[in-house]
Amino acid sequence: MDYLEITGPVTLHGSVKISGAKNAALPIIAMSLLANNTVRIGNMPAVVDIKTLLKLIENLGGTFSFSDENTVEINTCCLTNTKATYDIVKTMRASILVLGPLLSRFGHCEVSLPGGCAIGQRPIDLHLKALEQMGAKITIHAGYVQAEAPNGLQGTHIIFDKITVTGTANIVMAAALANGITRISNAAREPEVVQLCEILRDSGVVITGIGTAELSIEGTKGKLIDIVAFDVIPDRIEAGTYLCAAGISNSTVTLQNVRPDHLEAVTGKLEEMGFKIDTTENTMTIHPNSSIKPVTIITQEYPAFPTDMQAQFMALATQADGTSTIEERLFENRFMHVSELQRLGADIKLNGHTATVTGPSALSGTDIMATDLRASSAMVIAANIAEGVTQVHRIYHLDRGYENLEKKLGNLGAKIERLSE
Ligand code: EPZ
């Protein structure tokens, strides 16, 4: 199994190109199930989760081909199967995103229940409840969601009890082929959901309220959609991760191919910590800050502070002059990185959903274990400033959502190497 060997401390310098957003690309790939044409997608991140979902599309009878590392064409005109099997879904819970499009297109499908996840229970009850409100008959049998809607899904008013990102995406896609108008209240406003809606709108589906909590989608009554070509938006979480990597190592780094407007909550917290960040339309430059201020963070839905940046900021807060508090409100078990950061020498105390981080702590290299995607990036960020050699194990978590992390960090001056056990 691969692991990363990182020697610290280092200062980073130069620029890094941000890849396409994993969490935008996943619903977009599922959306290709609604297509009447071959869908061309540019700026596709070359990460494992993308390959997994494309494999699922292939298992359903679709085809895909890459014209270069980040441009793919997907064709789902001749699907032969509507069952998303456990062997794929267990490796990536976002596979649930095929449920809405498959059901809306074929009137029936079976999708394996995703099961638990390192960061929390992560139920899909809100997805299922909304599809039932659209007229689907849903049964859970032998670990599978069996969904039927022989007369097609019906437009209706969905009010989500909680804001759910993939739940909103699933229902937007289901509604696109439904009969009538679907209104979604308390919808997710994440940029990844916005892009999905914009592509469908640009492809002729009548969608209003994009970017707000109130969406309205007029279905095509089962008619497949000619989907326009487009590029995936830049990954705001990858961008935030590199900003924290630069911040913790007192470095000047420029991000290219980034959307600063998607990162306002993140840059707001970095500025509170005393960092100066210059932005243009698609670049961001963070400058060194030798006296990092402590910060208070509460993770919430967009446009507030993203839970997917919580771990990286915890690593950064280990170098602040004073005590920071980080409250995780979205996932009940998203502090797995705490014990690993403590192994590097961080001073972190946990009390329920709140972590108290006291700094600055001198970190020293050792063996640490990645536990989930974002936790593992926090460990890499901390290892870059830890004295000596750190080995980060189970980096398959990282490969799921970061494109060429060690190459990009290496180009910025990090002493980082991928080795095999
Ligand atoms: C998306 O997950 C992202 N994944 C996650 O990123 C991200 O952490 C999360 O949104 C929150 O921003 C993808 O987009 C593929 P939710 P999702 O449904 O859609 C509860 C990463 O690191 N809930 O918005 O699964 C749920 O348990 C990943 O890239 C229900 O109770 O998250 C959570 O507490 C990790 N019932 C809250 O809502 C449901 O049916 C928000 O979850 C659905 C969700």
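Throughout, numbering of the chain's residues begins at 1 and tracks the sequence.
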Do we see a donor-acceptor contact under 3.5 Å between the side chains of [X] and [Y]?
X: Thr299; Y: Thr307; value: no
X: Gln310; Y: His337; value: yes
X: Asp226; Y: Asn36; value: yes
X: Arg183; Y: Ser216; value: no
X: Ser185; Y: His157; value: yes
X: Thr354; Y: Asn351; value: no
X: Asn411; Y: Lys407; value: no

Checking Val206 against Ile217 for the side-chain contact (heavy atoms from CB on, under 4.5 Å) test, could you report, in this order, the C-alpha distance in whole Å, the side-chain angles of both residues, the deciding distance, and whether it holds? CA-CA 6 Å; Val206 180; Ile217 304 110; over 6 Å; no

Does the distance from a Lys or Arg side-chain N to an Asp or Glu carboxylate O, for [X] and [Y], drop under 4.0 Å?
X: Arg259; Y: Asp235; result: no
X: Arg394; Y: Asp2; result: no
X: Lys408; Y: Glu238; result: yes
X: Lys269; Y: Glu271; result: no
X: Glu192; Y: Arg236; result: yes
X: Glu73; Y: Arg40; result: no
X: Arg400; Y: Asp372; result: no
X: Glu272; Y: Lys293; result: no
X: Lys276; Y: Asp278; result: yes

What's the shortest heavy-atom distance between [X] and [Y], and which atoms?
X: Ile225; Y: Ala176; value: CD1-CB, 4.1 Å
X: Ala118; Y: Asn333; value: O-ND2, 2.7 Å
X: Met134; Y: Ile171; value: SD-CG2, 4.1 Å
X: Ala130; Y: Ile158; value: O-CD1, 3.4 Å
X: Leu177; Y: Lys223; value: CD2-O, 3.1 Å
X: Val295; Y: Met273; value: CB-CG, 3.7 Å

Short side-chain to backbone donor-acceptor contact, [X] and [Y], under 3.5 Å:
X: Thr283; Y: Leu255; value: no
X: Thr168; Y: Thr166; value: no
X: Arg418; Y: Tyr3; value: no
X: Asn70; Y: Pro45; value: no
X: Thr212; Y: Glu214; value: yes
X: Asn75; Y: Gly62; value: no
X: Thr296; Y: Thr325; value: no
X: Arg334; Y: Ala311; value: no
X: Asp399; Y: Val48; value: no
X: Ser104; Y: Ala174; value: yes

Checking Val380 against Leu409 for the side-chain contact (heavy atoms from CB on, under 4.5 Å) test, could you report, in this order, the C-alpha distance in whole Å, the side-chain angles of both residues, the deciding distance, and whether it holds? CA-CA 10 Å; Val380 171; Leu409 274 175; 3.5 Å; yes

Stepwise side chain to side chain donor-acceptor pair (under 3.5 Å) test for Glu421 and His393: CA-CA 9 Å; Glu421 263 144 5; His393 299 278; 2.6 Å; yes

Do you know which of Thr139, Ile138, Val111 makes side chain to side chain contact (heavy atoms under 4.5 Å, CB included) with Gln146?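 The passing option is Thr139.
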
Applying side chain to side chain donor-acceptor pair (under 3.5 Å) to Ser15 and Thr254, what does each step give before you reach the verdict? CA-CA 4 Å; Ser15 63; Thr254 296; over 6 Å; no

Ring centres under 6.0 angstrom apart (Tyr86, Tyr144):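 Judged by ring-centre distance (under 6.0 Å), Tyr86 and Tyr144 do not meet the cut-off.
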
Would you please test Val39 and Phe230 for side-chain contact (heavy atoms from CB on, under 4.5 Å) and show each step? CA-CA 9 Å; Val39 183; Phe230 56 90; 4.1 Å; yes

Yes or no on side-chain contact (heavy atoms from CB on, under 4.5 Å) for Glu58 and Thr63, after CA distance, side-chain angles and deciding distance? CA-CA 6 Å; Glu58 202 171 52; Thr63 61; over 6 Å; no

Between Ser324 and Met314, is there a side-chain heavy-atom distance shorter than 4.5 Å? no

Is the count of non-hydrogen atoms from other residues, nucleotides or ligands lying under 6.0 Å from Gln121 atom CD greater than 12? no

